[in-house]
Amino acid sequence: MSKKRVGILTSGGDCPGLNAILYAVLKYAGSLNWTVYGIANGTDGFIDVALGRIDPEDMRIDEHSFDIPGQKGMGVLLFLSGSVLGCRGKKQREPQEDELICQGYQKIQLDVLIAIGGDGSLEIISELAQKGNWNLVAIPKTIDNDVPGTERVVGFDTAVEVVSDALYNLTFTAASHDRIMLVQVMGRDAGHLALSAGIAGGADVILLPELVPVINERIVSETCLKIAHIRQHKRKFALIVVAEGVQGESQDEPSAEYLKRQLQQYSHLHNSTGATGFYGLGEKIEIRVTILGHLTRSNRPTASDRLLATAFGIKAIEVIAREKDNFQRMVILQEGQIRDRPLAEVMSELKAAKSHSACASPVDPDGFIVQVARALGIYLGN
Ligand code: F6P
């Protein structure tokens, strides 16, 4: 097998497990005697090369490049969150930058690029690869789990763990104070994280953009009804999970804050008009908001994410070894197996999905996980 020059970059929002992919790629590529070039800060790294700001030879990395100094060859990549390569890179790229990116790729004389990204970055890199005629292997990652064509992506499992742990931790303080805890969860336009973590964390209400695009009066009154029911029949505290993609009144106010205001207004209204009891809250209840935000992105990757990340990394090298030339593939998880498929196929699914929804791979409203939530009596907004 010929010796390869492999570039690797991480692009878009970071998530746990990115370095674990790199760990596997460096180990396996090293064992084949291939050379790996770490492209810093997404495709911006190519621009730096094209403009002569960095010498390609300084970008060479191997499995010992990230050893802890003085720690006898102890590597950290498998366990370390974030990305040692950096994820920066512009969300909107200028047309003249494409040319520089392609020049950078050529200057390093890469045989292939491994691009680790979510739906947005993979779309951009896939276009660049076509333009520059690059060989490309894409590896899907994001805490949002919204990349089409794969059953799971790197980073999602850890994020579910973090959010469900947060819900568990909030339960005790909620119970001590008889409070409603309202927790806003990341996920951009997708509700996968809110749904999975909400179920695993014991939420009573989970609002997802796929089922509740906007918080309206019905949602508010039914949420109050659900809480009133819990307080009458079960316990005094409750946990509400709201995905950040659910819209409130304005973009400037987090949806959880908006929902809190609406719940307070609703219960106040129903108090003062006397129409309390089952339909209103009928009593003063304290609501506290927690916005988990970027805390969700930096935990140590779970074993399951480390396993997926390393399997995807090894598969990427296998694909490169197997393919001759002119290939653009994505590694995927399908029916429990690590496979690969043409990236163009995934991109056309992505474009088709995005033509009628903001999210490329939304929660299936009729899917089993939604059924699970319903069967548990969790209020989902319909
Ligand atoms: O796509 C991952 C994600 O964490 C989303 O869940 C979130 O909406 C977004 O990135 C946050 O982006 P930024 O890190 O640019 O604030």
Side-chain angles (χ1 to χ4, degrees), residues 9-19 21 41-44 81-83 85-93 115-125 138-150 152-167 183-198 201 206-210 212-214 241-248 250-259 289-302 305 308-309 330 346 350 353-354 357-363:
L9 60 77
T10 51
S11 181
D14 71 302
C15 68
L18 298 178
N19 292 322
I21 301 174
N41 301 320
T43 49
D44 280 11
S81 253
S83 166
L85 296 175
C87 289
R88 219 174 52 228
K90 297 189 192 67
K91 289 189 175 151
Q92 226 83 51
R93 72 189 203 279
I116 308 167
D119 62 336
S121 11
L122 291 184
E123 204 177 349
I124 294 173
I125 292 168
I139 301 185
K141 63 83 202 169
T142 163
I143 61 164
D144 306 339
N145 203 33
D146 60 351
V147 180
T150 179
R152 232 186 65 204
V153 299
V154 172
F156 180 63
D157 187 70
T158 311
V160 171
E161 195 72 27
V162 172
V163 176
S164 59
D165 272 1
L167 293 175
V183 182
Q184 182 172 312
V185 173
M186 273 191 169
R188 210 182 291 271
D189 305 305
H192 297 283
L193 181 55
L195 180 61
S196 295
I206 306 175
L207 303 181
L208 315 171
E210 292 87 346
V212 177
V214 179
V241 170
V242 193
E244 65 175 352
V246 172
Q247 300 297 310
S250 87
Q251 297 284 357
D252 300 331
E253 185 181 32
S255 31
E257 294 288 1
Y258 177 71
L259 180 60
V289 168
T290 305
I291 297 177
L292 292 174
H294 291 81
L295 279 175
T296 319
R297 291 223 307 231
S298 273
N299 251 54
R300 174 165 60 96
T302 57
D305 257 337
L308 185 69
M330 183 168 102
V346 181
L350 186 144
K354 283 206 164 171
S357 141
C359 181
S361 181
V363 169

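Remember, predicted model here, so these are calculated numbers, not experimental data. We count residues from 1, following the sequence as given. Atoms within a ligand are numbered from 1 in the order they appear, just like the ligands themselves.
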Contact check, side chains of [X] and [Y], non-hydrogen atoms, under 4.5 Å:
| X | Y | result |
| --- | --- | --- |
| L9 | I125 | yes |
| K141 | T10 | no |
| L193 | V160 | yes |
| P16 | I143 | yes |

Exercise. Nearest non-hydrogen atom to atom 2 (C) of ligand 1 belongs to which of N145, D144, D146?
Worked result: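 Selected option, by shortest heavy-atom distance: D144.
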
From the options E244, R297, M186, select the one whose nearest heavy atom is closest to atom 8 (O) of ligand 1.
->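 The option holding the nearest heavy atom is E244.
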
**Report entry** Atoms of ligand 1, numbered as shown, that sit under 4.0 Å from any heavy atom of H294
**Finding:**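 This gives 13 (P), 14 (O), 16 (O) as the contact atoms.
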
Problem set entry | G187 near ligand 1 by a heavy-atom separation under 4.0 Å |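 So G187 counts as touching ligand 1.
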
Check this for me: does any side-chain nitrogen of one of R152 and D305 sit under 4.0 Å from a carboxylate oxygen of the other?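 A salt bridge is present here (some side-chain N lies under 4.0 Å from a carboxylate O).
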
Note to self: Is the contact between L193 and ligand 1 made by the side chain, the backbone, both, or neither, using heavy atoms and a 4.0 Å cut-off?
What the structure shows: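 L193 to ligand 1: no contact under 4.0 Å from either part.
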
